[in-house]
Number of protein chains: 2
Amino acid sequence: MLEIRHLKSLKAIAETGKLGLAAERIFLTQSALSHQIRALEMHYEITLFKRGAHGLRFTPAGQRLLDLANELLPLIDKSERDLVRLKSKQSGELRIVLECHTCFDWLTPVMDVFRRAWPEVEIDLVAGFHSDPWHLLHEGKADLVIGGLPEKIGTLAHQPLFKFEIMAVIPPNHSKHKKARFVAEDFTNETLITYPVPEERIDIIRHVLKPANINFGRRTAELTIAIMQLVASRRGIAALPSWGIQNYVDHEYVIAKSIGKKGLWSELHATGSAETITLPYTIDLVNIIKNTCAAHLKGIKLLNSINI
Amino acid sequence: MLEIRHLKSLKAIAETGKLGLAAERIFLTQSALSHQIRALEMHYEITLFKRGAHGLRFTPAGQRLLDLANELLPLIDKSERDLVRLKSKQSGELRIVLECHTCFDWLTPVMDVFRRAWPEVEIDLVAGFHSDPWHLLHEGKADLVIGGLPEKIGTLAHQPLFKFEIMAVIPPNHSKHKKARFVAEDFTNETLITYPVPEERIDIIRHVLKPANINFGRRTAELTIAIMQLVASRRGIAALPSWGIQNYVDHEYVIAKSIGKKGLWSELHATGSAETITLPYTIDLVNIIKNTCAAHLKGIKLLNSINI
DNA sequence: CTTTGATATGAATTTAATTCAAATTTATCA
DNA sequence: TGATAAATTTGAATTAAATTCATATCAAAG
């Protein structure tokens, strides 16, 4: 009666703490997951979770099954990779370009995991800052861009990774620190501190401030910590992925606010040639990114893969 | 897409070598298993078996998934036992009586497996030969009888284990050694060598010879090897479970023939009080017996558990 | 007290698994 | 060499399970 999909469900619940978010992560409705967990508890005649408005907490029995999940799922992944190798010899290289500054934080562990899974594939990060990373794909200087989608997809292909919330970042004593959430108007006459990227590629500007005709200043910094320092010292405010600022928020160095009623969400994709995107180890890199980020970055929502 | 039931299917195929027998073992139709394997091969886009009238042989990819099955299934069993323990502390004793001589051969390894799985339960074999083992249950001198079913089940409960074929065992130079199979008439005026058990509890006599009004002699021996020696030296013939004589047959010490067109089949059950039969570790013993015997005894057919 | 957020539940719908019936293939036997 | 047996495959039909839908329930927050 226990199946691998149950193990995946338990892992998603562990990562999110909420039934609804876990369901989203594994592409079910909250109701389906509720039924699934209930059926599992009835089968084993034991309670797996303590439930409430706080979400779900594992009982010792639930934890035991989660331990099993954590033990089995990597073995399954590994054997599925071995099947891929049995089909045909895999070797090659993946030159990755990031179109997203804060992604550096999680990409290093992802590359470590990938190197262990595919020692016969050479994976590397293309150094430096690139104003138009997708052009490097055409020039043969990169194999994969991780970031948003290019304006013109052309002959390129892509796989969606996940979406994440962009939070307004303000100093703790900001005049609007008590607001539940920020709206476009709250940025009026503020200095927006961003990475040195064209405005049309900054989501807060492109999707919120420009459409609302907000007047604001601009200032740039290349490092996240520099942006945090400027915000904390009241030189301006910022808008960054929640995961990139979590440490600073936890230490009350800055405050984070959702933008708009539903939050401002942005999507990450892996873009490359159709040939590269359909390679088995590229597909696996996409899965490794999803799994690793799902486990470590709070609040992200995984996106379903596209059949190419 | 890979689920635990697939792993169980692969294990059953490994144990039987035939799709039909494997399907029987996991309580599916042969067609259902064929569909299942086909769907798995389409999902992974790789062939898992070499097929033919010879049955199925694992390809390297199939073997890889079988390796995964052999790795994961014990871990799953173990964690399910832990859930049982989390429900309530398990301890107790199981005093086993065998109503079947040749079962000794496989029961020792089964008890070893059980002791590792349930160190807190005392399991032991009740020594000696018993003319009416089920009476020991009433007398409180045993907890479980492994063998056939008692004539009167009364307040006892039981779980089916498996069924096995009883083969006619003859010396290699027997006048009828070329027959495809034996029938009741082939036993006429032969000396039937059996364990020292009442006739009404010897299946070949009860179900074949008696109903056909066959005249035959009787001779008893307590040990299987003694029976084999008597048969080999043409002192008579025997009728025993296929697994109990496999070694002697392989070494061409004796010959085995099916009895009747469809073979003579007998069932094994675990019988005890309703209370004992529903204890978690007794249920698990039943599963351990099934799994261990399925893996090691050729030709047996597992029986489905009863809901009590 | 209302609203929000989180889970549970029963019925309906959709999907997947399984069975049924027959076909196909290969090996064995007379 | 043809018939038979044994083993698997295949498509359609049936059954079972999974999932969604719509709503209810409960607890916490405002």
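Throughout, protein chains are lettered first and strands after them, A, B, ... in sequence-line order, and every chain is numbered starting at 1. Because the structure is predicted, anything quoted here is derived from the model rather than measured.
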Is the ring pair B:Trp106/B:Trp243 parallel, tilted or perpendicular, if the boundaries are 30 and 60 degrees?
perpendicular

Between CG of A:Leu56 and C1' of C:dT7 the distance, given in whole Å, is 8 Å

Non-hydrogen atoms of A:Val169 and A:Ile237 that approach each other most closely:
O-CB, 3.2 Å

Below 4.0 Å: OP1/OP2 of C:dT15 and any side-chain N or O of A:Arg5
no

Just compare D:dC21, C:dT7, C:dT18 and give me whichever is closest to any side-chain atom of B:Ala32.
C:dT18

If you pin B:Thr29 and A:Gln30 to their nearest nucleotides in DNA chain C, which one's is more 5'?
A:Gln30

For B:Leu28 and C:dA17, what is the distance between atoms CG and P respectively, to the nearest whole Å?
11 Å

Tell me yes or no: between the side chains of B:Lys290 and B:Ser305, is some donor less than 3.5 Å from an acceptor?
yes

Integer-rounded Å distance: D:dC21 P and A:Leu33 CG
15 Å

With nearest nucleotide decided by heavy atoms, which residue, B:Ser31 or B:Lys18, maps closer to the 5′ end of DNA chain D?
B:Lys18

What heavy-atom pair brings A:Ile259 and A:Phe187 nearest, and what distance separates the two atoms?
CD1-CZ, 4.2 Å

Contact check, residues 34-49 of chain B vs DNA chain D, heavy-atom distance under 4.0 Å, returns B:Ser34, B:His35, B:Arg38

Might you point out which heavy atoms bring A:His177 and A:Ile255 nearest each other, and give the distance in Å?
CB-CD1, 3.9 Å

Using every non-hydrogen atom in the two residues, find where A:Glu267 and A:Phe164 come nearest and quote the distance to one decimal.
C-CE2, 4.4 Å

Can you check the B:Phe27 CZ to C:dT19 P distance for me, whole Å?
12 Å

In whole angstrom, what separates B:Lys261's NZ from D:dA5's C1'?
10 Å

Rounding to a whole Å, what distance do you find between A:Arg181:CZ and C:dT4:C1'?
11 Å

